[in-house]
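Just follow the structure's listing: the first ligand is 1, and inside any ligand the first atom is 1. Just so you know, these numbers use all the heavy atoms, side chains as well, and skip hydrogens, waters and symmetry mates.
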Amino acid sequence: MITFKNVQIKYDDFLAVPDLSFEVKEGEFFTLLGPSGCGKTTTLRALAGFLEISNGRIEIDGQDITHSPINERGMGMVFQSYALFPTMTTRENIGFGLKVEKRDKKYINQRVQEIAAMVDLTDDQLDKNVSNLSGGQQQRVAIARAIAKKPKILVMDEPLSNLDAKLRKTLRKEIKDFQQKYGITMIYVTHDQEEALMLSDRIAVFNKGNLEQIGSPDEIYNHSETEFVCNFIGDANAYTLADLTKMNLNTVELESYDKFYIRPEKVLLSKEDNSQLRGRVISKEFYGMYTYYRILVNSIEMLSFQSESNLEQFEINDKVTVCLNKLDILPYKEGGH
Ligand code: ADP
Ligand code: MG
């Protein structure tokens, strides 16, 4: 439905996005994920029409929209800052775009009421000045305003970044439910790995304006194609071949690689002395639902994640056996796959 073909985006002489190609399917929740400054907002602004691209082509449903003005692209937009009109009521904010389009009052009222119900805003909140709403409510107003004109595509740029952790979790669930219920095609930008994994049908991982990998959350997390993706998407122990040898790990078939990653939840611990891989607990961080242990195995450190469903508890200086499946050692070549 949305196609980027060899898109290049520049700020004067600075090449922010050299050569970007991807496709988003209708009804898909598609997330652009990457560290700050990697070109997510730039890509979104080009899609929405705020930025002219210097090369390539953008299509929607096979139609070239590369040079179409913003209001002809049929997209709703939600920004990190919400960008609401602070002196207007919620109702006026939501209806603003329809008023600009000179829709009649009756239609606007009806539509505002309809959308308010969709995003759970009450009549009371509709008549308040938006400045008097909480952060979470303002975020709902921003979404309501973005969908007022029934766009087929919704783009969101870090819409939850300004909210506290608990509210962020609630609202991201709401955004997902909402997107699924109304079958909206969503292009969502975040630097938050967990948010991307939880929300997305597919994730595009960006690094310095380039795509590292596109895939489902499972593919991105469990089958990271590059060292960058593996590092960025979750915690990982990072080793050289020498480190693995020092730990007495079997390195047959791994010798042609340079870097090795092991996710902490794949490092299982037990008190039984039944393996070659023995270590000592050197630190313990308790988080309630889970505990992180740092283990020293022949002078090499290893981080292990144990959920509270593991009934065995370990204390500092305990001797432990480390159980590791060889398939959970993820090998990469220097800087590449
Ligand atoms: P992200 O949203 O992933 O944090 P951006 O798309 O905002 O990243 O920025 C990508 C790169 O483009 C960064 O190096 C940033 O400094 C640069 N950049 C962004 N906006 C401008 C601008 N208006 N002028 C010049 N450079 C910009
Ligand atoms: Mg940004």
Please say whether more than 12 non-hydrogen atoms of neighbouring residues, nucleotides or ligands are located less than 6.0 Å from NZ in Lys271.
-> yes
Side-chain donor-acceptor distances from residues 131-142 under 3.5 Å, at least two apart:
{"residue": "Ser131", "atom": "OG", "partner": "Pro86", "partner atom": "O", "Å": "2.7"}
{"residue": "Ser131", "atom": "OG", "partner": "Asn129", "partner atom": "OD1", "Å": "3.0"}
{"residue": "Ser134", "atom": "OG", "partner": "Gln137", "partner atom": "N", "Å": "3.3"}
{"residue": "Ser134", "atom": "OG", "partner": "Gln137", "partner atom": "OE1", "Å": "3.4"}
{"residue": "Gln137", "atom": "OE1", "partner": "Ser134", "partner atom": "N", "Å": "3.0"}
{"residue": "Gln138", "atom": "NE2", "partner": "Val130", "partner atom": "O", "Å": "3.1"}
{"residue": "Gln138", "atom": "NE2", "partner": "Leu133", "partner atom": "O", "Å": "3.2"}
{"residue": "Arg140", "atom": "NE", "partner": "Val119", "partner atom": "O", "Å": "3.3"}
{"residue": "Arg140", "atom": "NE", "partner": "Glu174", "partner atom": "OE1", "Å": "3.2"}
{"residue": "Arg140", "atom": "NH2", "partner": "Glu174", "partner atom": "OE1", "Å": "2.9"}
{"residue": "Arg140", "atom": "NH2", "partner": "Glu174", "partner atom": "OE2", "Å": "2.8"}

Would Phe22 and Phe4 count as a close aromatic pair, with their ring centres under 6.0 Å?
-> yes
Whether over 12 other heavy atoms sit under 6.0 Å from Glu253 CD | no
Atom NZ of Lys208 with >12 non-hydrogen neighbours under 6.0 angstrom | no
Is there any N or O on Phe14 that sits under 3.5 Å from an N or O of ligand 1?
-> no
Should we say atom CD of Gln113 is surrounded by more than 12 heavy atoms from elsewhere, each under 6.0 Å from it?
-> yes
Which protein non-hydrogen atom lies closest to atom 1 (P) of ligand 1, naming both residue and atom, and how far is it?
-> Gly37 N, 3.5 Å
Please report the shortest heavy-atom distance between Gln8 and Lys10, naming the atom on each side.
-> OE1-CE, 4.0 Å
Atom 5 (P) of ligand 1 has as its nearest protein heavy atom Thr42 OG1, 3.5 Å
Protein N, O or S within less than 2.8 Å of the Mg ion (ligand 2), waters excluded | Thr41 OG1
Has Cys38 got any heavy atom lying under 4.0 angstrom from an atom of ligand 1?
-> yes
How far does NZ of Lys40 sit from CD1 of Ile187, to the nearest 0.5 angstrom?
-> 15.0 Å
For atom 16 (O) of ligand 1, is the nearest protein heavy atom under 4.0 Å away?
-> no
Short check: is a protein heavy atom less than 4.0 Å from atom 19 (C) of ligand 1?
-> yes
Got the closest protein heavy atom to atom 7 (O) of ligand 1, with its distance?
-> Thr41 CB, 3.8 Å
Classify the side-chain pair Tyr188/Glu195 by whether it contains a donor and acceptor separated by less than 3.5 Å.
-> yes
